[in-house]
Amino acid sequence: MTDDETFMARAIALSEHTSLVESAGGAFGAVIVRDGQIVGEGANRVVAENDPTWHAEMAAIRDACRKEGNFKLHGATLYTSAEPCPMCMAAAYWAGISRIFYASTNEDALKHGNFDDSMIYEEIRKPAGERKIPIRQIMRAEAIEVWERYEAKADRVPY
């Protein structure tokens, strides 16, 4: 078994435990690896925590960042038991993940678990005014005032 397969097997084992043993959420598990070592793990706990953002990849990224003491994971690889949803994919970009391996596809999650992200992919492609959730800008000037103060902050941490 290759290292990649070993790490993916761990992600799949996490997915099995969270979904079939704990009944905490869907069959999703993830690990983050840097320099051949697991630095973060996560499993889907949406149901257990009543938190729609508690996806395996998000939990693994949070765990790795906390352990590494950094909000960037450059050089790290994400192994996930299923193809990342839009939220988790965005989080991987924001965290600076270098590579992603996934096992099952979005189609597999739909077929076997009724997990369907197609509406989100469609909504993201639409102009803001055409999305199902109404979105309207208000109080821009007040928000910009805070942004300007943030921009001038001498001890601001860039990211």
Side-chain angles (χ1 to χ4, degrees), residues 4 7-8 11-12 14-16 18-20 22-34 40-66 68 70-153 156-159:
D4 291 330
F7 296 130
M8 184 60 76
I12 292 169
L14 288 166
S15 80
E16 179 181 33
T18 199
S19 64
L20 301 178
E22 295 182 327
S23 296
F28 303 99
V31 297
I32 307 250
V33 174
R34 189 197 316 264
E41 293 188 335
N44 185 292
R45 295 189 55 81
V46 168
V47 173
E49 305 298 336
N50 292 314
D51 181 347
T53 69
W54 204 303
H55 290 200
E57 298 91 340
M58 300 287 284
I61 289 168
R62 288 176 185 139
D63 186 41
C65 287
R66 191 170 34 255
E68 298 272 301
N70 197 330
F71 54 84
K72 290 294 185 182
L73 298 169
H74 297 296
T77 301
L78 168 64
Y79 295 85
T80 178
S81 66
E83 190 173 353
C85 74
M87 175 182 67
C88 293
M89 197 67 217
Y93 279 106
W94 283 327
I97 298 286
S98 296
R99 298 184 312 158
I100 298 173
F101 288 88
Y102 68 94
S104 62
T105 65
N106 288 332
E107 291 78 19
D108 296 326
L110 176 60
K111 178 180 178 182
H112 300 290
N114 202 32
F115 289 92
D116 187 4
D117 295 331
S118 62
M119 183 274 294
I120 297 170
Y121 287 107
E122 291 168 13
E123 286 289 298
I124 290 171
R125 288 187 199 101
K126 293 178 183 177
E130 295 177 20
R131 294 178 187 158
K132 289 180 182 178
I133 298 175
I135 183 169
R136 192 177 122 216
Q137 184 180 29
I138 62 172
M139 298 183 69
R140 181 175 182 261
E142 292 84 350
I144 294 299
E145 181 183 324
V146 176
W147 273 113
E148 289 170 346
R149 291 187 0 237
Y150 175 77
E151 180 182 26
K153 190 175 185 320
R156 181 182 70 181
V157 176
Y159 62 96

Run the side-chain donor-acceptor check on residues 110-119: report pairs under 3.5 Å with partners two or more places apart or on a different chain.
residue, atom, partner, partner atom, Å
Asp116, OD1, Ser118, N, 3.0
Asp116, OD1, Ser118, OG, 2.7
Asp116, OD2, Ser118, OG, 3.4

Please tabulate, for side-chain N and O atoms in residues 131-144, each donor-acceptor pair with protein atoms closer than 3.5 Å (sequence neighbours left out).
residue, atom, partner, partner atom, Å
Arg131, NE, Glu123, O, 3.2
Arg131, NE, Lys126, O, 3.2
Arg131, NH2, Lys126, O, 3.2

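Residues satisfying the salt bridge (charged side-chain N to carboxylate O under 4.0 Å, His left out) criterion with Glu16, sequence neighbours excluded, are absent altogether. Residues satisfying the side-chain hydrogen bond (donor to acceptor under 3.5 Å, both in side chains) test with Thr18, not counting sequence neighbours, are none. Not counting sequence neighbours, the partners of Ala56 by the side chain to side chain contact (heavy atoms under 4.5 Å, CB included) test are Phe28, Ala30. Considering only residues two or more places apart in sequence or on other chains, Arg99 meets the salt bridge (charged side-chain N to carboxylate O under 4.0 Å, His left out) condition with none of them. Every residue meeting the side chain to side chain contact (heavy atoms under 4.5 Å, CB included) condition with Ser19, not counting sequence neighbours, appears here in chain and number order: Ala27. With sequence neighbours excluded, the residues satisfying side chain to side chain contact (heavy atoms under 4.5 Å, CB included) with Arg62 are Thr53, Met58, Arg66. Judged as a salt bridge (charged side-chain N to carboxylate O under 4.0 Å, His left out), and not counting sequence neighbours, Glu83 has no contacts. With sequence neighbours excluded, the residues that form a side chain to side chain contact (heavy atoms under 4.5 Å, CB included) with Ala95 are Ile61, Leu73, Ile97. For Glu49, the salt bridge (charged side-chain N to carboxylate O under 4.0 Å, His left out) criterion is met by Arg45, not counting sequence neighbours.
Closest approach of Ala59 and Gly42 over heavy atoms only: CB-CA, 3.8 Å. The shortest non-hydrogen separation linking Ser98 to Gly75 is OG-N, 2.8 Å. Residue His55 comes nearest to Cys85 through the heavy atom pair ND1-SG, 3.4 Å, listed as atom of the first residue, atom of the second, then distance.
The distance from the OG atom of Ser15 to the CG atom of Asn44 is 10.0 Å, given to the nearest 0.5 Å. Taking CZ from Arg125 and CD1 from Ile120, the interatomic distance works out to 12.0 Å, rounded to the nearest 0.5 Å.
At a threshold of 4.5 Å between non-hydrogen side-chain atoms, the residues Val46 and Asp51 do not count as touching. Side-chain contact between Val47 and Ser23: absent, with no pair of heavy atoms (C-beta onward) separated by less than 4.5 Å.
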(message) With side-chain contact (heavy atoms from CB on, under 4.5 Å) as the criterion, how do Ile100 and Thr77 come out once you've worked through the C-alpha distance, each side chain's angles and the decisive distance to 0.1 Å?
(response) CA-CA 6 Å; Ile100 298 173; Thr77 301; over 6 Å; no
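Between the side chain of Asp63 and the main chain of Ala60, no donor-acceptor pair closer than 3.5 Å is present.
For the ring-ring contact (aromatic ring centres under 6.0 Å, His included) condition, the pairs that include at least one residue of residues 80-107, sequence neighbours left out, are Tyr79-Phe101.
Salt bridge Arg34/Glu68: present, at least one basic N to carboxylate O contact under 4.0 Å.
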